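First listed ligand is number 1; within each ligand, the first listed atom is number 1. Keep in mind it's a predicted model, so treat the numbers as computed, not measured.
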Amino acid sequence: MGCLCSLLLPGFLFLISVLHDVVDGQPLVPAMFIFGDSVVDVGNNNHLLTLVKSNFPPYGRDFVNHNPTGRFCNGKLASDFTAENLGFASYQPAYLSGEATGKNLLIGANFASAGSGYYEATAKLFNAISLSQQVEYYKEYQNKVVGIGGKVNTTSIISDAIYLVSAGSSDFVQNYYVNPLVNKVYTIDQFSNILMQSYANFIQNLYALGARRIGVTTLPPLGCLPAAITLFGLGDNECVAKLNVDAVSFNNKLNVTSQNLQTKMPGLKLVVFDIYQFLYNLVMNPADNGFAEKRRGCCGTGLLETSILCNAKSISTCANASQYVFWDGFHPSEAANRILADDLLSSGISLIF
Ligand SMILES: *[C@@H]1O[C@H](CO)[C@@H](O)[C@H](O)[C@H]1NC(C)=O
Ligand SMILES: *[C@@H]1O[C@H](CO)[C@@H](O)[C@H](O)[C@H]1NC(C)=O
Ligand SMILES: *[C@@H]1O[C@H](CO)[C@@H](O)[C@H](O)[C@H]1NC(C)=O
């Protein structure tokens, strides 16, 4: 574990106390709500007319029952581990799935959609669910749950739940960097500011609907994603410095905006989860954490394949994804998600108590 020990220690101590509570079968918070893009989508896109899907092998090959659920991973997402760490016996259902019904809804729901982002037009490009539509679904959810759990219970579900937001990567990698209609019109800084405005609106909307404990992830080191190195690395096999600079700049804005939001909205806990530094360290020092490969994803050649390009016919998919930081061209492996979730837990304690 090396360099991560000091980082993880509070998380582990905390886990011990979690386990005491979990023995009673009571999760630490009543519910969890998840918004964003493919990093946290658990199958909403299965129900859309979009090419951004992953509900076929080899996706899910290391998941429960080897089931390709629509998660962009070989196994569990960081948010799945977070749900487990919080003591939930099952995962928050994808809101558009058949499982999102009756009592299943009382532990929350997942509204995330691969290809979505803070920029509304990103979701449109991929026919994904925009963040504003995700909020509309969340409103619909609230009305449903009053009918299932009663008004009093619904109020505490809403205000005590944890809200997890993970977005922004698609806005850059699948939109800004490849779309002249955007990058000829806005500088990267202007584009980031537009995303910030949309982020602030989104948080204000959630707050107005009763959310009080919100965690938002930073951008990952975009320049270290295998497909980004392939597409934007000009033949170099190293992380693309320019993309990482853009991500850090965005993340700094996210920090400032979040602090301002928290000051403006009484009772709001808004935590920024810095996944950038964590993933950057993993990519720079893979062996410290038991990983052998950081340049290539496991699926196919690992240089690009994602979504429909990562499929059962992909040539040379690796045998053991636990040695890979990345599962496909854009998404971490379950092994990376597992340790990422421990880190999230230690930085998210203030959201729980
Ligand atoms: C509200 O929650 C309490 C405690 O968890 C439970 O006993 C009760 O049945 C719930 N109300 C409804 C209408 O489900
Ligand atoms: C956000 O600010 C905190 C301190 O206020 C700092 O520890 C953290 O690294 C910052 N994160 C980013 C992504 O800038
Ligand atoms: C896969 O790799 C991990 C990490 O190196 C190792 O612990 C595990 O035993 C391997 N699994 C198989 C089936 O080889």
Side-chain angles (χ1 to χ4, degrees), residues 1-5 8 21-33 57-68 71 73-78 80-81 83 86-90 92-93 99-109 140-162 210 212-213 226 278-279 281-302 310 312 314 316-328 331-343 352:
M1 300 299 280
C3 65
L4 288 173
C5 282
L8 289 179
D21 275 1
V22 171
V23 174
D24 314 329
Q26 255 328 355
L28 282 172
V29 291
M32 190 159 83
F33 298 100
Y59 283 102
R61 72 178 193 185
D62 302 312
F63 194 68
V64 186
N65 301 325
H66 310 287
N67 191 8
R71 285 167 172 79
C73 190
N74 58 307
K76 295 173 190 170
L77 306 177
D80 293 325
F81 286 114
L86 292 173
F88 289 103
S90 56
Q92 282 64 33
E99 287 157 49
T101 171
K103 296 231 179 276
N104 291 350
L105 290 174
L106 296 176
I107 60 163
E140 185 185 278
Y141 164 95
Q142 288 194 344
N143 292 329
K144 281 186 189 169
V145 164
V146 173
I148 299 160
K151 203 163 177 57
V152 174
N153 288 357
T154 300
T155 303
S156 76
I157 289 172
I158 289 168
S159 60
D160 295 340
I162 288 196
R212 290 298 178 268
R213 305 165 168 198
F278 185 84
L279 286 171
N281 290 343
L282 261 193
V283 168
M284 288 301 139
N285 310 297
D288 286 358
N289 295 283
F291 292 94
E293 178 60 58
K294 47 98 189 268
R295 163 65 182 99
R296 290 165 187 266
C298 169
C299 190
T301 63
C310 167
S314 298
S316 73
T317 293
C318 79
N320 188 350
S322 355
Q323 297 165 354
Y324 284 66
V325 174
F326 294 99
W327 159 249
D328 69 12
H331 304 100
S333 64
E334 173 182 277
N337 284 334
R338 181 192 303 275
I339 55 175
L340 179 61
D342 286 341
D343 186 55
I352 300 167

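Sulfur atoms SG of C298 and C318 are positioned under 2.5 Å apart.
Put simply, the side chain of N74 never gets that close to the backbone of Y59: no donor and acceptor are under 3.5 Å apart. The backbone N or O of K76 sits less than 3.5 Å from a side-chain atom of E334, completing a donor-acceptor pair.
Rounding to the nearest 0.5 Å gives a distance of 12.0 Å between CZ of R295 and OH of Y324.
The Q323 neighbourhood of ligand 3 comprises atoms 1 (C), 2 (O), 4 (C), 5 (O), with distances under 4.0 Å to a heavy atom of that residue. With ligand atoms numbered from 1 in the order given, ligand 3 contributes 1 (C), 2 (O), 3 (C), 8 (C), 10 (C), 11 (N), 12 (C), 14 (O) to contacts under 4.0 Å with heavy atoms of N320.
A salt bridge links R71 to D80: at least one charged side-chain nitrogen sits closer than 4.0 Å to a carboxylate oxygen.
Contact record, F291 with V325: CD2-N, 3.7 Å, taken as the closest heavy-atom pair.
The residues lining ligand 1, counting any heavy atom closer than 4.0 Å, are I148, G149, G150, N153.
Pairs passing the side-chain hydrogen bond (donor to acceptor under 3.5 Å, both in side chains) check and including a residue from residues 149-160, sequence neighbours excluded, do not occur.
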